[in-house]
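Throughout, a chain's letter reflects where its sequence line sits, starting with A, and its residues are numbered from 1.
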Amino acid sequence: MKKLLNTLFVTLPDTYLALDGENIVVKQEEEILARYPLHNLEAVCTFSYAGVSPALMGACASRNVSLTFMTRTGRFLARVIGEDRGNVVLRKEQYRISDNEERSARVARNMITGKLYNNKWILERATRDYALRVDVERLKKVANSLGETMKLLREVEQLDILRGLEGSAAVQYNSVFDDLILQQKESFYFYGRSRRPPLDKVNALLSFAYTLLANDMKSALESVGLDAYVGFLHRDRPGRASLALDMMEELRGVYADRFVLSLINKKVVNDKGFYIKENLAVIMDDDTRKKVLKAWQDRKQDKIMHPYLNEKIPWGLVPYTQALLLARYIRGDLDEYPPFLWK
Amino acid sequence: MLILITYDVSTIDSEGRRRLSKVAKKCVDHGQRVQNSVFECILDATQFRRLRFELEELIDKDTDSLRFYNLGDNYKSKVQHVGAKDSYDMGDPLIL
């Protein structure tokens, strides 16, 4: 199994990243703040505005280190992608599936099934672990209806129907998401999903976690030679990494939502770490963002048993293993795409 | 795994000084300089063999020496630091 390497996050506003030999060097004015060997890194994610030297961009691209630029508030700006290499035969087959509604639906169906299965488990775990603190009956009801929807999904061959079922399941899951927040309830609450901009703290955290996950997913797909921009459930739209969004569906709940919940329930973040902009957008302050990033990196090191591979791997490699399994399916080595089913 | 690399390169003549800077450069490329001629490098087995080969090519075996200490994967408990010069742990989250 591939080794999980480290990610470098640069949150300081005025740093410049450059290449020196095989090292990435982080400079502020003329002072060198840090120097890391590139071969220890898997990704570099910068929130700074001073920039990155072209030499470093080239080095990252050729060594498969993903280099992502974000705004100060954590919105995605750009990624550096090198020369297109990899398996053109695999990619062409991916395009053929994407152009065919029925074949797309077969893959997308499995992804959505994975999502519902995982979300169902999140709710059921909550009823088991916090039986005295949550409304067990309410959660159980939603969990059961997610189970019912999963049965309906089995035979679906039209993407529209799939989206409909997925949408109604999402509404149900969101309706009880607030119940899973057990601490700091007066400042953290969830009434519904809002984005661009997120209008409350929970949505701000969710948006940030989804952005981080989407970046990990995009690099994972590219590293196995797939095109992150050609999806099955999400249709083509310029600049949208549709396949990464497809692949995220099954991980949103177990990877990102649970991460956000644990930040709140374990009081890693608190009420004071956010401020509201004029357009009502809720933004994290720099300190909170750092804490969230640190927790994200720590979470990636946690080990889990991969249910399909039957191998113990760090959470951080789950996007990569799923990308690998998808590539195997597209190549014809697997009969079905096996989604990540959390236990 | 964590490999600790230390070296002594004879700097009596200019040829030696040139070797020293080449060895130092090679080590900087692969790890963290923790003291003047001491480097900590996180490498996998292949990277280690390659680095070791390249370093051996650089030195003059009659006058210089290289030492490699393999501290394995569970190196965190094996290293303690006292005094000046901060270092980072390549396994920890890297957030600046």
Side-chain angles (χ1 to χ4, degrees), chain A residues 1-17 19-28 31-48 50 59 63 65 212 268 286-302 314 316, chain B residues 1-5 7 18-55 57-58 68 70-77 79 81 84-96:
Chain A
M1 181 51 68
K2 178 181 135 107
K3 198 166 180 292
L4 178 65
L5 300 173
N6 217 332
T7 305
L8 169 66
F9 291 98
V10 182
T11 65
L12 295 167
D14 47 356
T15 49
Y16 184 73
L17 310 184
L19 181 72
D20 179 18
E22 289 292 305
N23 287 180
I24 174 171
V25 174
V26 184
K27 289 183 194 163
Q28 196 168 34
E31 189 199 349
I32 291 178
L33 291 183
R35 157 194 296 279
Y36 306 109
L38 269 181
H39 72 253
N40 289 142
L41 295 174
E42 157 158 308
V44 178
C45 200
T46 168
F47 299 82
S48 141
R63 285 168 190 70
V65 179
L212 294 175
V268 178
D286 290 354
D287 195 39
T288 303
R289 188 173 312 114
K290 267 193 189 172
K291 277 190 218 152
V292 174
L293 286 172
K294 178 167 183 331
W296 180 260
Q297 284 306 99
D298 284 339
R299 160 64 62 93
K300 279 197 199 174
Q301 305 283 344
D302 290 350
Chain B
M1 55 197 178
L2 179 69
I3 307 284
L4 186 78
I5 303 174
Y7 54 77
R18 185 147 54 231
R19 284 201 306 277
L20 175 69
S21 78
K22 277 188 182 161
V23 170
K25 182 84 182 68
K26 182 63 67 189
C27 290
V28 169
D29 277 351
H30 289 83
Q32 175 181 204
R33 181 172 229 147
V34 285
Q35 283 176 354
N36 279 336
S37 47
V38 180
F39 285 83
E40 287 179 7
C41 308
I42 306 277
L43 303 167
D44 61 31
T46 323
Q47 288 167 333
F48 174 43
R49 288 189 78 156
R50 184 182 303 148
L51 176 61
R52 191 180 147 173
F53 175 77
E54 288 171 352
L55 285 171
E57 294 280 282
L58 288 175
F68 300 97
N70 188 340
L71 296 173
D73 285 325
N74 300 317
Y75 53 85
K76 284 199 179 174
S77 56
V79 182
H81 179 88
K85 206 158 191 243
D86 274 340
S87 64
Y88 62 85
D89 184 334
M90 203 61 219
D92 284 346
L94 302 176
I95 301 168
L96 288 171

Open item on the list: I'd like to know whether B:Leu43 forms a side chain to side chain contact (heavy atoms under 4.5 Å, CB included) with A:His39, so could you lay out the CA-CA distance, the side-chain angles of the two residues, the decisive distance to 0.1 Å, and finally the verdict.
Closed with: CA-CA 8 Å; B:Leu43 303 167; A:His39 72 253; 3.4 Å; yes
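The ring pair (Phe, Tyr, Trp, His ring centres under 6.0 Å) search around B:Tyr7 returns none, not counting sequence neighbours.
Remark: B:Asp44 CG is packed, more than 12 non-hydrogen atoms of other residues, nucleotides or ligands lying under 6.0 Å away. Counting non-hydrogen atoms of neighbouring residues, nucleotides and ligands closer than 6.0 angstrom, the NZ atom of A:Lys291 exceeds 12 such neighbours.
Proximity to chain A is limited to the side chain of B:Lys25, based on heavy atoms less than 4.5 angstrom apart.
Between chain B and the options A:Leu12, A:Leu8, A:Asn40, heavy-atom pairs under 4.5 Å are most frequent for A:Asn40.
Within residues 29-41 of chain B, the residues having any heavy atom closer than 4.5 Å to a heavy atom of chain A are B:Asp29, B:His30, B:Gly31, listed by residue number.
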